[in-house]
2 protein chains.
Amino acid sequence: MPIPKSEIQNPKSKIAPAPSPQPPAPLLVVGAVAFDSVRTPYGEAENILGGAATYLAVTASWFAPVRVVAVVGDDLGEEYLRVFHDRGIDTAGLVRAPGKTFRWSGEYTGDMNEARTLETHLNVFERFSPTLPGSYLDSEFVFLGNIDPVLQLHVRRQLPQARLAGLDSMNYWIKGKPEELKKALAEVDILVINETEARMLSGISNLKKAAEVIRKMGPSTLVIKRGEHGVMLFSERGIFSAPAFPLDEVHDPTGAGDSFAGGFMGYLAKAGEFSDGQLRRAVIYGSVMASYAVEEFGLSRLLRLTPKEIEARYREFKTLTHFDA
Amino acid sequence: MPIPKSEIQNPKSKIAPAPSPQPPAPLLVVGAVAFDSVRTPYGEAENILGGAATYLAVTASWFAPVRVVAVVGDDLGEEYLRVFHDRGIDTAGLVRAPGKTFRWSGEYTGDMNEARTLETHLNVFERFSPTLPGSYLDSEFVFLGNIDPVLQLHVRRQLPQARLAGLDSMNYWIKGKPEELKKALAEVDILVINETEARMLSGISNLKKAAEVIRKMGPSTLVIKRGEHGVMLFSERGIFSAPAFPLDEVHDPTGAGDSFAGGFMGYLAKAGEFSDGQLRRAVIYGSVMASYAVEEFGLSRLLRLTPKEIEARYREFKTLTHFDA
């Protein structure tokens, strides 16, 4: 809660000093840094930089300072690390291990709402159990990208000062490690998952009822991603529903969900408070980032965004959804 | 365009006289009146009053006077006609023919987004080719429910004074009578169809591009219904996207699309003008009516609505979608 103005007035003067603008608190993200190979109806790309942590970090970096926790192999050269550094992302928690970087390949066909995974090679990720660098331990904002819930909890517990913790997961963990996932869920504030995952996690088809059940597992706020059908936010303040941005062409959906989460959490770190109004704005900023992410392959579009473009699309979302009361 | 106030001021006085409130112009709807038999996970109902014209007329009647054009058999008794009369619906265009009333049976399973039709008996509908009663010929608003496009055009051409004509269609006609449908489309202002139908009609998977192609076929405004994912409106003024109302339980989706169209067109008849703002409000009122329609089997919920409930859900839609600019 913001402190009422009357309590922070300078007692020596009737004019309160202008508050010095608070720099946004850093957001810590954890997840995979990967080499992706992707095929879509618009073309293909081989061994491009990807992974949840990468999309999360790059998109969030447009809003707040970002700290990344991940592991890479010795095949990930300086030119890739520059992507993080150029965006001002703190890579103190990016560990280099002997071996190969995580590799994923997949393809999208038809309505492109879901990827068909062709290959997954965990490589260095298999033995990853991060101990956070000391400089990360004061992180107030954290997003646990889609990795083993045991690792998610391991990271979460190293951050006792976190004011807001978010988590993403997937079918693989919901089915394979349900108990571990439930333990992790009990220690976060926000869960960001897709429609199918929400139904699987709750065992309920109706999303409104599913959300009630999931929110009792721990996260007071639930964000359900519905691909081209937008996003729903469930919190103690009710439901917010936002459409996806209608695009002429979706070239590569890879990273859309992580770009949403990065924009969403990055905006909340920037805002510094979690009122219903700010959560709703965060959903729109997340949707803005996801809509840009899919316009081109990999990170291309995200890396040459401008703050002006981000604000312009936010306003377009307003035009897209507004009607008079 | 509304006339600027300065031009309608009374020259003899500085105070303009209060404009006498215009009663809404009547909306003419054409389509099937049917006996429906429906099975859903929540139960079943046998031979209940249904059909596109019925849902259109009942939902629109909450906004404007309604004139209905349809044919019924000699098995549809007075107790069914009372449903129309109790809602003040003009049935001068409801023809009684020897034989049985149109019958449809279907079931919904799983996510209930699409009905599986079990049986369709056109019965008296097979020989239906309506000549409109003289009292209908001045209709300024018309909605051509989902029937043979040849009949839709036949009705449309009897209404030269129509200021706004809407049309619904379905896969059956898009595949079976594409040329006839295109002729009908060329003479309407608004097309209301679902997502799958829009893709089939345009041959394009991307909805934004599909909408461009369809709008060139005639209707300057296109409304795409996406079931539980809401509605998109495409017009020369851009795109408007509205979510569906999140319900705990959908008991019977039958008539949801027609209830949307009835609320949408009824509101436009009431508003009397088709600005972008009014079209957007009409989409929400349509969504309100569809959300009530599916709460119970058949017409039950729609028949005992109150204006207060309609306005309350409209405001809930505002809460559901609002975010600060």
Side-chain angles (χ1 to χ4, degrees), chain A residues 41-42 109-113 195-196 199 204-212 224 226-234 237-250 267 271 275-285 287 311 314-325, chain B residues 41-42 109-113 195-196 199 204-212 224 226-234 237-250 267 271 275-285 287 311 314-325:
Chain A
Y42 289 91
T109 52
D111 67 3
M112 300 219 285
N113 264 331
E195 206 167 355
T196 316
R199 293 190 164 120
I204 294 171
S205 169
N206 178 286
L207 286 186
K208 201 179 158 195
K209 284 188 183 172
E212 258 175 68
I224 298 183
R226 306 200 290 172
E228 61 161 336
H229 295 116
V231 173
M232 291 180 86
L233 170 83
F234 298 84
R237 297 290 305 275
I239 308 176
F240 172 54
S241 189
F245 190 76
L247 292 167
D248 273 326
E249 288 175 351
V250 169
Y267 177 76
S275 64
D276 186 45
Q278 293 294 21
L279 282 167
R280 287 170 180 241
R281 302 192 83 198
V283 164
I284 301 299
Y285 277 111
S287 304
E311 292 309 317
Y314 185 95
R315 286 192 303 272
E316 288 183 280
F317 263 98
K318 190 70 199 167
T319 306
L320 178 67
T321 57
H322 179 78
F323 61 93
D324 292 324
Chain B
Y42 289 92
T109 52
D111 67 3
M112 302 219 284
N113 263 332
E195 206 167 353
T196 316
R199 291 188 166 120
I204 295 171
S205 169
N206 179 286
L207 286 185
K208 202 178 158 195
K209 284 188 184 170
E212 257 175 70
I224 298 183
R226 306 200 290 172
E228 61 162 336
H229 295 116
V231 172
M232 292 181 84
L233 171 82
F234 299 83
R237 298 290 304 275
I239 308 176
F240 172 55
S241 189
F245 191 75
L247 291 168
D248 273 325
E249 289 175 350
V250 169
Y267 177 76
S275 64
D276 186 46
Q278 293 293 21
L279 283 167
R280 286 168 181 243
R281 301 193 83 198
V283 164
I284 300 301
Y285 278 111
S287 303
E311 291 310 315
Y314 185 95
R315 285 192 303 273
E316 288 183 280
F317 263 98
K318 190 70 200 169
T319 306
L320 179 67
T321 57
H322 178 77
F323 61 93
D324 291 326

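Here is the naming used below: chain letters follow the sequence lines, and residue numbers restart at 1 for every chain.
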Can you name the side chain to side chain donor-acceptor pair (under 3.5 Å) partners of Asp324(A), sequence neighbours left out?
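Residues passing side chain to side chain donor-acceptor pair (under 3.5 Å) with Asp324(A): His322(A).
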What part of [X] gets closer than 4.5 Å to chain B, counting heavy atoms only: side chain, backbone, both or neither?
X	value
Glu311(A)	neither
Leu247(A)	backbone
Asp248(A)	both
Ala242(A)	neither
Gln278(A)	neither

Counting only heavy atoms not in Arg199(A), do more than 12 fall under 6.0 Å of its CZ?
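Yes, the 6.0 Å shell around CZ holds more than 12 heavy atoms from other groups.
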Quick check on the interface: out of Arg281(A), Glu316(A), Arg315(A), who has the most heavy-atom pairs with chain B under 4.5 Å?
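Of the candidates given, the most pairs with chain B belong to Arg281(A).
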Could I get the full list of salt bridge (Lys or Arg N to Asp or Glu O under 4.0 Å) partners for Arg280(B), not counting sequence neighbours?
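Per chain and number, Arg280(B) pairs via salt bridge (Lys or Arg N to Asp or Glu O under 4.0 Å) with Asp276(B).
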Would a line drawn from the ring center of Tyr314(B) to the ring center of Phe323(A) be shorter than 6.0 Å?
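Yes, ring centres under 6.0 Å apart.
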Carboxylate-amine/guanidinium proximity below 4.0 Å for Lys208(A) and Glu212(A):
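No, this pair does not count.
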Mind ranking Gly277(B), Gly230(B), Pro246(B) by heavy-atom pairs under 4.5 Å with chain A and telling me who comes out on top?
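Among Gly277(B), Gly230(B), Pro246(B), the one with the most close pairs to chain A is Pro246(B).
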Output the option from Thr319(B), Ile284(B), Val283(B) having the highest count of non-hydrogen pairs under 4.5 Å with chain A.
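Ranked by contacts with chain A, first place is Ile284(B).
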Heavy-atom side-chain proximity of Phe240(A) to Leu279(A) below 4.5 angstrom
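A side-chain contact is absent here, since even the closest heavy-atom pair is not under 4.5 Å.
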